[in-house]
Every structure is written in C-alpha cells, then in structure tokens.
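Scroll down for the structure; my scribbles are underneath it.
In what follows, every chain begins at residue 1, and chains take the letters A, B, ... in the order their sequences are listed.
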Number of protein chains: 2
Amino acid sequence: MSFNDLISGALTSTGKVRNEPVQARSSERIGALLDAASAVVAEVGIERLTTAMVAERAGASIGTVYRYFPDRIAVLGAMSLRGFERFLRASVDLLESTKPTTMDAAFGCLIDAAVQMHRTEPGFTSIRLSDQIALPEVDGGTAASARVAGPLAEIFAAEFDIADDGTLADRLDIALTMVDALLVRAFIIDPQGDEDAIAACRAVVTAYL
Amino acid sequence: MSFNDLISGALTSTGKVRNEPVQARSSERIGALLDAASAVVAEVGIERLTTAMVAERAGASIGTVYRYFPDRIAVLGAMSLRGFERFLRASVDLLESTKPTTMDAAFGCLIDAAVQMHRTEPGFTSIRLSDQIALPEVDGGTAASARVAGPLAEIFAAEFDIADDGTLADRLDIALTMVDALLVRAFIIDPQGDEDAIAACRAVVTAYL
DNA sequence: CCCGCGATGATCGAGTTCCGCTCGGTGACG
DNA sequence: CGTCACCGAGCGGAACTCGATCATCGCGGG
C-alpha cells in the first residue's frame, strides 16, 4: 500500500487532493510539498504555516499548491496522513523483522516505530494521529484508518487468536490512540523524547493487554 | 479557584487576556465571547473559526474581541482553559460528593465528569486537554496545569498514600492524558458518546492503576 | 524507428477576496 | 467629566483563483 494509493482515493476533507496526478513529476511534487509542509510545521507550528511558505520551500508556486490541495487545511491533512502511513509502514517492517510472539512484544514494535517517527520526521509531534484514527466514513469512502491499519490488523490476526475481527480492530484502535497521546506527551515534555514518559507509555499498553 | 483567577494572571500565550476587566459587564462579555467561540468551534472546527464569527455570535464587534484577547489563538486558548477548568471543577465536586475510597472509583469520577463535559459543552471534543496538561512554564509563571490540577492532586494525596508528590502528579497527568484521548475517540465515533468506547476508557484506566 | 505536432497535464504568478488585527471616534458607567 | 467599554471602517497580509505559458505524452506519417 503506497502513499499514492492512499491519497488518490476519495478521502475525508483532511487529506483530500484536488486532482489525481497523471505524470510522474506530479507525485514528486506532492511529496516535495508535503516535505516542505513538515519542515514548516516543525519550524513555526501548524497555526503559522502559510501556503506561501510551503510553496517557496518546495520550489513551487502558490498555484501549484492549490492545484493539488483544495485548501491550506488539506495540505496539513495530507501531511498528517502521510506521517500516519509511514508510521504504519515502519511498524509493519518491524513486526515482520522481529516476529514477536507475544501481544506485548508486538505492541512494543508499534511504540518503537512511533518513537522513531517522532525523532526523525519533522513535525510528527505536531500532528495528531487521532485525526486518522477513528475517523468517520465520508462520502462513501472507507475510513482512512480502516484502509490504512489493515496491514497491522492482518499481522495481529495471523499471529494471535482473537475471538472476532471487530474486537481486534477496536483494541488496535484503542492501543494506537493511547500510544499516540502518551508519546506526544513524552515529546512535549522533552523534544528528544522523555525516557520516563516513553517507559510509562509501554507500561500502560502492557497493563491494557 | 475561579475562571477569572485563572485568566487574569500571567499565563502562557494560549489563554492570555489583554486587559483585566474592571467593570462587571466585562466579565460577562468575556464569558459570552467564549460561549460564542465554543459554539463556533463545535460548528466549523478550530481551524475555520474566525474572529468575526465569534464577535457576531456574541453580539459584539470585532474590536471588542481584540480588546480582551491579543489574537485569535488566545481566544481558543482561553476557551480551552475554561473548558479544562470547568472539567476540573466538575471532577472536584463529584469527588467531594461521592468520596470514593478506591483509586479506581476516584478516576471513575474524573471520567464521569469528562463525559458530562463532552455531552454538554459545545466544542469540548474539539479542544485538547493536553494543551493544558504538561504545558511548560512560561515567563516565570507556573504552568497552567500545575495551578489548575492542584485541587485534584490534593484530593488524591489526602485520600490515598502515594510515595512522593512527583509520582502522584505524573500518574494523574498520564491518566488524564489517556482519558482525554480515549474519550475524544468515543465522541468522534458517536457524537453522543459511544458507550463501548467509554467503557473501554474505564477499562484502560482500571488496568493502568 | 523517429520526428513533428496537436492534446493534455503541469506550472506559474499577478490579481482578487477574505480574514486577522488596529485605531480613532462614540457611547456608557462611576 | 474622566475613565472604561465599545464600535466598525480600514489596513496589511494570507488564502485562494484563473488565464497564460511551459512540459510531456500519444500518435501518425515519413
């Protein structure tokens, strides 16, 4: 599941793109615009991000920004969505390489992946994963979380026996919500990630399982 | 501790007011402005709130908004702070009336209070309590969270034996962060508050303690 | 096979609209 | 009648539009 797969569908207002890109350079443009948005968010915060800053940093013009995104908020939404998608990819990679045998270890992978994102992806701490989790369906499209968290659910379902799929999806959802909230807290306390707070996050998830 | 006590002091940039009101009608005005802000946030969301919308709904002019708040973000900050303060007052009231004897029951009171806030206060679901929790100190003033969560900490410290104050404050912080995130999730799933999700929130806190 | 050429996609940026915020003038309270 | 509160036109800047321009692609004839 690639980033383009994600943004080319009918998404909610946060994350929408105006036109599906056809030529290859367009995808690169979108990527560059989102990179620029991340950098700007990391520098000045979400509120003070302007579309002009994004355009300039991406080496594009204002018009180009608005070719791909209906408005300023959609840029932030797409950035947020991409961050979430990257986090999921990192999680899947980690799960597949370490092959945890306990639920606890599996969630440990998710936390490691999230911590890594906070440390390496500019602006990741400023966006709310919850904007992508538990999002109601819009105009007939599946909720972003369902489409995007699918790979995780599959891994967990294959590795661990859970009574039914709904329960598993819910528990994943709840766990991700907690991890996100607690890690954001950890990275607000300390920009490098407060170790005690991260440990507390692990403890909470362990207790929950 | 009243709302005015909170906003009249030297606060962080979120929540600041421009002038301390002298005449009585001013306080009413501020209240009306914040009510308007809550309603607008509930309708169009934080990002799309404009100062003109707030002014119009409060029956005031643009100038009046800027008499009391230095900028748009300060309006949101004050609204957020008032919501947090109301939540704390409701929590303290519930704690004092039910006098729980277990940690679990005590946190149950907090959750009840928060659920009540989500159900009755427009826009409460859109604001992040975390903006008030774990806020770093600014310009020499104590962090809003410390001043504001004091009453809670006192009750918990008086009722339950905890090794040291720091641990207690941290645990309260973590618990509130989780409760906030999980309840927001519950109210995103269902505007009236998804009962299963609320139950999940209680379960998580119970597991954590 | 490749070269030219029309069609379509992508880009640009000046211009328009809207919004955050100021400030000087007017009314209300004490 | 001084001070506090309020108003709202106006200013600056940011969000967003739109028609002109450039790049790329598909295709048919040499």
Side-chain angles (χ1 to χ4, degrees), chain A residues 3-4 7-8 13-37 39-41 43-80, chain B residues 4 7-8 13-41 43-80:
Chain A
F3 169 52
N4 278 328
I7 63 171
S8 61
S13 62
T14 51
K16 198 185 297 179
V17 291
R18 195 173 276 240
N19 288 81
E20 183 165 0
V22 175
Q23 299 178 11
R25 59 175 170 160
S26 294
S27 314
E28 291 167 23
R29 267 282 197 220
I30 293 184
L33 287 170
L34 296 183
D35 290 343
V40 170
V41 164
E43 261 180 36
V44 304
I46 286 178
E47 286 285 340
R48 299 197 192 283
L49 169 144
T50 70
T51 50
M53 291 180 194
V54 174
E56 189 188 355
R57 198 176 203 108
S61 76
I62 290 287
T64 300
V65 173
Y66 284 93
R67 166 164 181 78
Y68 294 109
F69 304 100
D71 56 29
R72 174 183 168 279
I73 297 175
V75 178
L76 293 167
M79 189 195 88
S80 167
Chain B
N4 278 329
I7 63 172
S8 62
S13 61
T14 51
K16 200 184 296 179
V17 291
R18 192 176 280 245
N19 288 82
E20 183 164 359
V22 175
Q23 298 178 9
R25 57 174 171 161
S26 295
S27 314
E28 292 166 24
R29 267 283 197 217
I30 292 184
L33 287 170
L34 295 184
D35 289 343
S38 289
V40 170
V41 164
E43 261 179 37
V44 304
I46 286 177
E47 286 286 340
R48 297 194 195 281
L49 170 143
T50 71
T51 50
M53 290 181 197
V54 174
E56 189 187 356
R57 195 176 273 265
S61 76
I62 291 287
T64 300
V65 173
Y66 285 93
R67 167 165 182 77
Y68 294 109
F69 303 100
D71 57 30
R72 175 182 168 279
I73 296 177
V75 178
L76 292 167
M79 187 198 89
S80 168

Can you tell me how far [atom2] of [Y] sits from [atom1] of [X], rounded to the nearest 0.5 angstrom?
| X | Y | atom1 | atom2 | result |
| --- | --- | --- | --- | --- |
| A:Glu43 | A:Met53 | CD | CE | 8.5 Å |
| B:Leu33 | B:Arg57 | CG | CZ | 12.5 Å |
| B:Thr51 | B:Phe69 | OG1 | CZ | 12.0 Å |

Roughly, in whole Å, what's the span from [atom1] in [X] to [atom2] in [N]?
| X | N | atom1 | atom2 | value |
| --- | --- | --- | --- | --- |
| A:Glu47 | C:dG20 | CD | P | 10 Å |
| B:Ile62 | D:dG10 | CD1 | C1' | 13 Å |
| B:Ile73 | C:dC21 | CD1 | C1' | 13 Å |
| A:Phe69 | D:dT17 | CZ | P | 14 Å |
| B:Glu56 | D:dC6 | CD | P | 18 Å |
| B:Arg72 | D:dA14 | CZ | P | 14 Å |

> For A:Leu49 and B:Ala60, take the nucleotide of DNA chain D holding the closest heavy atom to each; which residue's nucleotide lies nearer the 5' end?
Replying inline: B:Ala60
> Taking the nucleotide of DNA chain C with the closest heavy atom to each, which residue, B:Thr50 or A:Gly63, is nearer the 5' end?
Replying inline: A:Gly63
Give a yes/no answer on whether the side chain of [X] brings an N or O atom under 4.0 Å of OP1 or OP2 in [N].
| X | N | value |
| --- | --- | --- |
| A:Ser61 | C:dC12 | yes |
| A:Tyr66 | C:dC12 | no |
| B:Arg29 | D:dA5 | no |
| A:Arg48 | D:dG13 | no |
| B:Arg67 | D:dG8 | no |

> Any chance CD of B:Glu47 has more than 12 other-residue heavy atoms, nucleotides or ligands included, within less than 6.0 Å?
Replying inline: yes
